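From a predicted model like this one, the values you see are computed outputs, not experimental measurements. Naming convention: chains lettered A, B, ... in sequence-line order (proteins, then strands); numbering from 1 in each chain.
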Amino acid sequence: MSEEKKSLNFLEQIIEEDLANGLTKDKLHFRFPPEPNGYLHIGHAASICLNFGLGIKYNAPVNLRFDDTNPAKEEQEYVDAIKKDIQWLGFKWANELYSSDYFQQLYDWSIQLINDGLAYVDDQSSEEMAIQKGTPTEVGTNSPNRDRSIEENLELFMKMKNGEFQEGSHVLRAKIDMEHVNMHMRDPIMYRILKKHHHRTGDDWCIYPMYDWTHGESDYIEQISHSICTLEFKSHRELYDWYVDQVYSGDDLRPKQREFARRNLSYTVMSKRKLLQLVQEGHVKGWDDPRMPTISGLRRRGYTPNSIKKFSEIAGISKRDNVTDVALLEFCIKDDLNKTAPRVMAVLNPVKVVITNYPEGKEEWLTAENNPEDDNAGNREVPFSKELYIEKEDFREEANKKFFRLKLGKEVRLKNAYIIKAECVVKDENGEILEIHCTYDPLSRSGSGTEESQRRVKGTLHWVSIAHAIKTEVRLYDRLFIDEAPDSHKDKDFKEFINPNSLELNTNAFVEPSLKEATIGDRFQFQRLGYFCVDDDNTAEHLIFNRTVPLNDSWAKIEKKGEQKKPANNNAINELLAISGKYLKSKENDDRLSLLDKMSDLSKKIEFKNLPELLKTAASNKEYFTYLVVFNNSNALEILAKEHANLVTEFISAALQMKNSYVRYQAVEFIYINSSVKDDYITILKDMVAEERNSMIAERLELILN
RNA sequence: UGUCCCAUGGUGUAAUUGGUAACACACCGGUUUUUGGUACCGACAUUCAAGGUUCGAGUCCUUGUGGGACAACCA
C-alpha cells in the first residue's frame, strides 16, 4: 500500500497555512457562486471541481449560491440548468442559496453605512460619474453630492427604494476615496434602480445591489472561510475587504477571497457572452449542442462526469494564463470509455460484400466479446450472412503492403467471424464499386479453435449483416473553430474562425441489431471507429448517434505521412516556430543572432502553400515573428503577393502594431526591404514614429520615411 | 504614464518551501494484439534575461524584458 503524496495546489497550501495558524477545521466552508445568466461550461467545471473537491477533502460544506443581483439578465431557466449540471457531475451542495435571499440584510446594512457617513446618494448621470472616476493613471475627483447630509441621504435612498425615481437617475455610493490607486475604491456604486421583475423576489424591490457590495457580505452571512474566484477579481479584493470590514462583528469568521486563473481550452471560446452569441446567431443549435464546451454540450456529446472531473484534476490550477490542449480532455474521455463502453459494430460508409461460397439464406449467430478491457462485460451474439456491409475505406482493388485491409486476391479477417478473400468487384457505369465478391474459409470461424481460425491474418475488419442491420443517423463532430485560440486575435472577430465542417451528418450508417434497444445517453465503442452515444433526438423508430471522439488512428497518420512526400514544409515551419520561441525568450545577443541565422536558412526551405492559412490565424508573438522572418529571408512575398495581397497587408499592419518590439522590428524591416510597399502603411508608420521608444526601430523608421 | 498579478519542455502542471528539475498530454520510434484501439517499452524536449545573496537558486533580493488584469448603474 504505497500512499503517494500528492502535491498541494496553492489554494490548498493557503488553507493548510490557515489551519496551522489556528483556524479550526470545522470552520472551513466553501461556495460555488454562479450567476444564472448562462449555462455552465468546462471552465466552470474547474471551479466546481475545485470548490466541491475542497469540500470533500476537508469534509466541509459547500454552498451553491446563485449570484442573482441583476434581474435584467438572469432567468430561472439558467438556475435549473446549472443545478442539473452540478448534480450530473456528482456533487452535492450543502445549501441552495441566493444572493437575493440577503436583499433585506444588505439594505439594512446600507442604512447603517449611510448613518456612519460611509455612503451617499448620487443623482448625476453615469457619464458625469465616469469622468469624475478618472483613469487607471489619473486620480478621480469628488462628486458634488459627496457631502450630502445623512438625513438627506436617508431620505433620497428611501425614495429610491420606494420607486419614486426613474431607473438610472440615482445610485447609492460608498464613500471611500476618489483618489485611490485602485479604481474599484473610488466611491463604487452599491445600489442602482432597476424596475425589473426578479426571478425570485418578484417586484418587491426596485433597487438592486451591485456585485461587490453583495458578494463579500453574502460570504460573511454564510460564514464562508475561503471565497475562491477567478483572477480578474483580484483588484476587487481590496473593496471586498473594505465592505466586509464595515459589517464585521469581530468575533465570528471573516471570509477571505483568493483568486486563480480561469481555464481556457484550445479550439473553443469560453466566455458566456460569446457562447450566447453562438447560440443566438444559430452557429450551433443550442447551449447543449454537442460542439459547445458547455457541461450540457459535453454531456450530450457523450462525455462522462468522471472524464470531466479527471480532466479538471489533471489540468490543475495556478495563477498564470493558460490554454489547455483539448487533446487532454479527449484523452480523459477515451481513457474512461475504453474501460467502460461496450464494443459494437457499425458501418458508417457502407459498401456491399457478397460471400459467394456462403449458402444462400443461411444465417449464423456468432459470439462477440462486449469489452476486452472488462472481464465482467460478457458476450453477445451478432448475426452473419451472405451479404454484408464493410467500410468503403477498408477496401482497395490494389494497394501497397502497408494497407492491411481488404484488397483483390488477399485475405482479411472479419471481426468475430471468418477469414475472407476478395475475388472481384462489380462496378456501375461510372466505375463506382457496387459489390465486392469474396469467398470465405468455412473452417476459420473465430473462436472455433481450428487451425484455420488461428491463422495469422494482418487485417481485421468490422462489418454488419445487411439483412439484420439497422439504418441509423450518425452525427460526426469536429472542433468548432479552426484556430487554437479564436478569441485571442485583437483585430478579428472570433466567429471568423468557425469551422464550417464542425458537423457532418450521416444518415446512411448501419449498426448491428443489438443496438435496437439503445436509449438516450447510452455510450458505445463502434469498433475501429470511435466512441458514440445515443443523442437526445433519438426515437425508437429512428436511431441517432453522436460521435463523442474518434479512436486514435495510426493508419490515418501513416497515410498522411505518405501524402507529404516533401515533408520539408511542415517540419520547417514547426522548427521555425520553435526557434523563434527561443529567440523571443532569449535576451542574450549572441544567441539571438545565431538563432536568427538558423531561421534565415530554414526560411529558404519552406514551401508557401500553407502560408496564407497560417497568416490568417497568426495570434502569438511567436507566430508573427516567424512569418515575418520568413518574408524577410525568402521569396515568399513575391509568391504570396500575387493572390493574397490583402492578406499580406493586413498581416503586416497588425504586426506593426504589436506590442512586442522584436515583432515590430521585423515588420519595419520588412517595409525597409520592400520599400515599394511603404505607402500602404504610411499612416501606421507615422503614428509609430511619434510613439516608438525602441531606438533600433525608431532608427529604421527614420530611414524608411526620409 | 499608474497599481497589481504572472513567467518551468509544443501544452498543462510538480519540485517535500534553498539541496539530483519531475508527472501527464501531444509528437516521434518500437513490442504485443482477432479493434492500425488498448497495454507496454523507448526517444525528444524545460527553469525569460542580467546582476546579487549563498557552499548551493526554478525557488530569495534588485533591475530589465515579455504577457495579463484594472476606467459597466455586469458578474
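Nucleotides B:rG56 and B:rU1, compared at atom P, are 37 Å apart to the nearest Å. A distance of about 16 Å separates the C1' atoms of B:rU20 and B:rU59, rounded to the whole Å. Straight-line distance between the P atoms of B:rG68 and B:rA75: roughly 26 Å, to the nearest whole Å. Separation of the C1' atoms belonging to B:rU47 and B:rG66 is 16 Å when rounded to the nearest angstrom.
Around the NZ atom of A:Lys310, the shell of radius 6.0 Å holds no more than 12 heavy atoms that belong to other residues, nucleotides or ligands.
For A:Arg31, the side chain to side chain donor-acceptor pair (under 3.5 Å) partners two or more places apart in sequence, or in a different chain, are A:His215, A:Ser227. Listed by chain and residue number, nothing satisfies the salt bridge (charged side-chain N to carboxylate O under 4.0 Å, His left out) test with A:Lys73 (two or more places apart in sequence, or in another chain). Applying the side chain to side chain donor-acceptor pair (under 3.5 Å) rule to A:Lys334 yields the partners A:Asn552; only residues at least two apart in sequence or on another chain are considered. Legend: residues meeting side chain to side chain donor-acceptor pair (under 3.5 Å) with A:Tyr191, ordered by chain and number and at least two apart, are absent. A:Lys256 pairs by the side chain to side chain donor-acceptor pair (under 3.5 Å) definition with A:Asp18, not counting sequence neighbours. By the ring pair (Phe, Tyr, Trp, His ring centres under 6.0 Å) test, A:Phe384 pairs with A:Tyr358, A:Tyr418, A:Trp463, sequence neighbours left out.
An OP1 or OP2 oxygen of B:rU34 is reached within less than 4.0 angstrom by no side-chain nitrogen or oxygen of A:Ser453. Phosphate contact (OP1/OP2 of B:rG66, side-chain N/O of A:Lys622, threshold under 4.0 Å): absent. Close to B:rU13, at under 4.0 Å from its OP1 or OP2, lies a side-chain N or O of A:Arg263.
Side chains of A:Arg523 and A:Tyr531 form no contact here, defined as non-hydrogen atoms less than 4.5 Å apart. At least one side-chain heavy atom of A:Tyr107 sits less than 4.5 Å from a side-chain heavy atom of A:Trp205.
In this structure, A:Arg343 places its CZ atom 14 Å from C1' of B:rU34, rounding to the nearest Å. For A:Lys407 and B:rG36, the NZ to P distance is 14 Å, given to the nearest whole Å. Rounded to an integer number of Å, the gap from CZ of A:Arg237 to P of B:rU3 is 18 Å. Rounded to whole Å, atom C1' of B:rG68 lies 13 Å from atom CZ of A:Arg262. A straight line from CZ of A:Phe526 to P of B:rG36 spans 17 Å, rounded to a whole angstrom. Between A:Glu369 atom CD and B:rU38 atom C1' there is a gap of 12 Å when expressed in whole angstrom units. To the nearest angstrom, P of B:rC4 lies 10 Å from CD of A:Glu238. The distance from atom OH of A:Tyr267 to atom C1' of B:rU11 is 11 Å, rounded to the nearest whole Å.
Within 4.0 Å of A:Phe403, counting heavy atoms only, lies at least one base atom of the nucleic acid. Counting any heavy atom pair closer than 4.0 Å across all strands shown, A:Lys310 reaches no nucleic acid atom. Using a 4.0 Å heavy-atom cutoff across all strands shown, A:Ser266 reaches no nucleic acid atom at all. Across all strands, A:Gly530 comes closer than 4.0 Å to no nucleic acid atom at all (heavy-atom distances). No contact: A:Lys339 has no heavy atom under 4.0 Å from any strand.
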Footprint string (nucleotides 69-75 of chain B, 5' to 3'): B base within contact, S backbone only, - free, heavy atoms under 4.0 Å | SSB-BBB
Taking protein heavy atoms under 4.0 Å as touching, what does nucleotides 17-23 of chain B look like 5' to 3' if B marks base contact, S marks sugar-phosphate-only contact and - marks none?
-> B------
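Taking the side chain of A:Asp335 as heavy atoms from C-beta on, and the options B:rC27, B:rA39, B:rG36, the nearest nucleotide is B:rA39. Which of B:rU38, B:rU35, B:rU1 sits closest to the side chain of A:Glu373 comes down to B:rU38. In the set B:rG2, B:rA14, B:rG36, B:rG36 carries the atom at the smallest distance from any side-chain atom of A:Ser554.
A donor-acceptor contact closer than 3.5 angstrom links the side chains of A:His199 and A:Asp68. For A:Asn416 and A:Ser446, the side-chain atoms include no donor-acceptor pair closer than 3.5 Å.
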Please produce a list of atom pairs where a protein N or O lies less than 3.5 Å from an N or O of nucleotides 29-32 of chain B.
| from | atom 1 | to | atom 2 | distance (Å) |
| --- | --- | --- | --- | --- |
| B:rG29 | OP1 | A:Lys561 | NZ | 2.6 |

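Between the CD1 atom of A:Ile419 and the CD atom of A:Glu452 there is a distance of 8.5 Å, given to the nearest 0.5 Å.
Side-chain to base pairing of A:Arg528 with B:rU35: no donor and acceptor N or O lie closer than 3.5 Å to each other. At a cut-off of 3.5 angstrom, the base of B:rU35 holds at least one donor-acceptor pair with the side chain of A:Gln525.
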Taking Watson-Crick and G-U wobble pairs with both distances under 3.5 Å, convert RNA chain B into its dot-bracket string, 5' to 3', dots for unpaired and | for cross-strand pairs.
-> .((((((..((((.....[..))))..((((.......)))).....(((((..]....))))))))))).....
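Taking a cutoff of 4.0 Å between a charged side-chain nitrogen and a carboxylate oxygen, A:Lys133 and A:Asp187 do not qualify as a salt bridge.
Classified by its glycosidic torsion, B:rU17 falls in the syn category, the angle being within 90° of 0.
Looking at residues 314-330 of chain A, you'll see A:Ala315, A:Ile317, A:Ser318, A:Lys319, A:Arg320, A:Asp321, A:Asn322, A:Val323, A:Thr324, A:Asp325, A:Ala327, A:Leu328 sit with a heavy atom under 4.0 Å from some atom of RNA chain B.
Pairing each heavy atom of A:Asn370 with each of A:Ala377, the nearest pair is ND2-O, 3.0 Å.
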Candidate pair A:Ser99 and A:Thr214, rule side chain to side chain donor-acceptor pair (under 3.5 Å), full reasoning | CA-CA 7 Å; A:Ser99 295; A:Thr214 309; 5.9 Å; no
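By the stacking rule of 5.5 Å between ring centres and under 30° between planes, A:Phe404 stacks on the base of B:rG36.
Ring geometry for A:His198 versus A:Tyr208: interplanar angle under 30°, hence parallel rather than tilted (30 to 60°).
Judged by the 6.0 Å and 45° rule, A:Arg173 forms no cation-pi pair with A:Tyr120.
A:Asn322 contributes a side-chain N or O that, together with a main-chain N or O of A:Arg320, makes up a donor-acceptor pair within less than 3.5 Å.
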Under 3.5 Å, sequence neighbours excluded: what are the donor-acceptor pairs made by side chains of residues 36-46 of chain A?
| from | atom 1 | to | atom 2 | distance (Å) |
| --- | --- | --- | --- | --- |
| A:Asn37 | OD1 | A:Lys272 | NZ | 2.7 |
| A:Asn37 | ND2 | A:Glu35 | OE1 | 2.9 |
| A:Tyr39 | OH | A:Glu77 | OE2 | 2.8 |
| A:His41 | ND1 | A:Gly43 | N | 2.9 |
| A:His41 | ND1 | A:His44 | N | 3.4 |
| A:His41 | NE2 | A:Met270 | O | 2.8 |
| A:His44 | ND1 | A:His41 | N | 2.9 |

